[in-house]
Amino acid sequence: MTIHRKNLRAFFAGLLLFFIAAAAACEAEKMVDPKGSLESVAAEYWNQRLMKKDYKATYPMEMEKEGLPYEAYLKRVENAGEIGYLSIKIEDVKVDQDKGDLTVKVMCNIAPVPKPVPLTIKDHWVVHKNQWKHLLPKN
């Protein structure tokens with residue numbers, strides 16, 4: 001009986017250590033600075049998408065990409081050429097748990113308007129597998 005109790009205690013002690021280690025691992029995976037991280041990722045996304053027109057760089061940053069083939073994504077986000085983007089600025093970053101919202105201020109040239117035009121984009125993000133993913137607006 002004594003050996004059985006020792007084995008049982010050792011089993012439960014091991015189980016407890018496992019759960020403590022698992023909880024610690026989950027904590028370690030959380031973002032240290034979700035707001036700063038979102039601001040940085042959003043700036044990279046919008047620079048790639050608007051300024052560099054590098055849609056292959058932005059496609060993996062999309063939440064919907066599993067259900068949206070690249071060609072369909074390209075049709076949704078590609079600039080037809082009427083707008084020339086001059087600058088972007090990320091503002092009003094707000095994070096609530098695994099959701100993030102921000103404002104993108106864009107200065108652009110739109111022919112035939114003679115001077116730069118400001119545009120505002122309300123942008124939404126979610127955390128998926130500890131990474132911020134962009135939510136495309138529904139068409």
Side-chain angles (χ1 to χ4, degrees):
M1 285 274 189
T2 314
I3 294 174
H4 179 67
R5 283 187 180 185
K6 283 183 182 178
N7 287 343
L8 197 56
R9 277 190 219 151
F11 171 77
F12 282 115
L15 192 60
L16 180 62
L17 287 174
F18 170 78
F19 284 115
I20 290 171
C26 288
E27 283 298 314
E29 288 182 16
K30 288 187 180 177
M31 286 182 208
V32 175
D33 180 13
K35 184 176 178 182
S37 175
L38 175 56
E39 186 171 358
S40 175
V41 169
E44 178 65 20
Y45 174 89
W46 287 105
N47 271 305
Q48 293 292 340
R49 182 169 156 185
L50 298 182
M51 306 302 286
K52 296 179 181 177
K53 297 176 180 50
D54 186 354
Y55 307 113
K56 288 189 179 190
T58 58
Y59 181 66
M61 301 169 84
E62 299 292 350
M63 184 64 194
E64 289 183 40
K65 75 177 185 343
E66 287 81 21
L68 183 67
Y70 179 73
E71 294 75 25
Y73 170 73
L74 196 56
K75 286 179 184 177
R76 285 182 66 180
V77 301
E78 191 172 37
N79 178 7
E82 300 87 24
I83 300 174
Y85 299 103
L86 304 172
S87 66
I88 66 147
K89 184 176 180 186
I90 305 299
E91 297 181 347
D92 304 322
V93 179
K94 294 178 180 65
V95 172
D96 182 18
Q97 303 289 324
D98 64 343
K99 294 178 177 62
D101 300 300
L102 54 93
T103 302
V104 184
K105 299 284 185 155
V106 183
M107 289 301 293
C108 55
N109 285 327
I110 303 174
V113 180
K115 53 186 189 171
V117 177
L119 294 177
T120 300
I121 301 169
K122 295 293 182 184
D123 200 25
H124 308 286
W125 294 74
V126 294
V127 175
H128 179 71
K129 296 183 180 176
N130 206 35
Q131 291 185 338
W132 284 110
K133 294 292 184 177
H134 184 251
L135 292 174
L136 279 173
K138 302 293 180 202
N139 279 354

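Index from 1, following the sequence.
Linking Ile, Leu, Val, Met, Phe, Trp and Tyr whenever their side-chain heavy atoms come within less than 4.5 Å puts Ile83 and Met51 in one cluster. Leu119 and Met107 are not part of a single hydrophobic cluster, where members link through side-chain heavy atoms under 4.5 Å apart. Note: the hydrophobic cluster containing Leu135 does not contain Leu74 (ILVMFWY, side chain heavy atoms under 4.5 Å, direct or indirect links).
Atom NE2 in His128 sits 8.5 Å away from atom CD in Gln131 (nearest 0.5 Å). If you take CD1 on Ile110 and OH on Tyr85, they are separated by 8.0 Å, rounding to the nearest 0.5 Å. Rounding to the nearest 0.5 angstrom, the gap separating the CG atom in Leu50 from the CD1 atom in Ile121 is 5.5 Å.
Remark: side-chain polar atoms of Thr58 are paired, donor with acceptor, to backbone N or O of Tyr55 under 3.5 angstrom.
Residue pairs meeting the salt bridge (charged side-chain N to carboxylate O under 4.0 Å, His left out) criterion with at least one partner in residues 98-124, sequence neighbours excluded, do not occur; the list is empty. Screening residues 94-124 for ring pair (Phe, Tyr, Trp, His ring centres under 6.0 Å) gives no qualifying pairs among residues at least two apart or on separate chains.
A 4.5 Å side-chain heavy-atom check between Val104 and Ile90 finds at least one atom pair inside the cut-off. Side-chain contact between Val127 and Met31 is present, with heavy atoms from C-beta onward closer than 4.5 Å. Two residues are said to be in side-chain contact when any heavy atoms from C-beta on lie closer than 4.5 Å; Glu39 and Leu102 fail this criterion. No side-chain heavy atom of Lys133 sits under 4.5 Å from any side-chain heavy atom of Tyr45. Val77 places a side-chain heavy atom less than 4.5 Å from the side chain of Leu136. Contact annotation: the side chain of Val106 never approaches that of Trp46 to less than 4.5 Å [non-hydrogen atoms, C-beta and beyond].
The ring pair (Phe, Tyr, Trp, His ring centres under 6.0 Å) test applied to Tyr73 returns Tyr59, not counting sequence neighbours. For Glu64, the salt bridge (Lys or Arg N to Asp or Glu O under 4.0 Å) partners at least two apart in sequence or on another chain are Arg76, Lys138. With sequence neighbours left out, the ring pair (Phe, Tyr, Trp, His ring centres under 6.0 Å) criterion links Trp132 to no other residue.
Hydrophobic cluster of Val32: no remaining members, since no ILVMFWY side chain lies below 4.5 Å from it.
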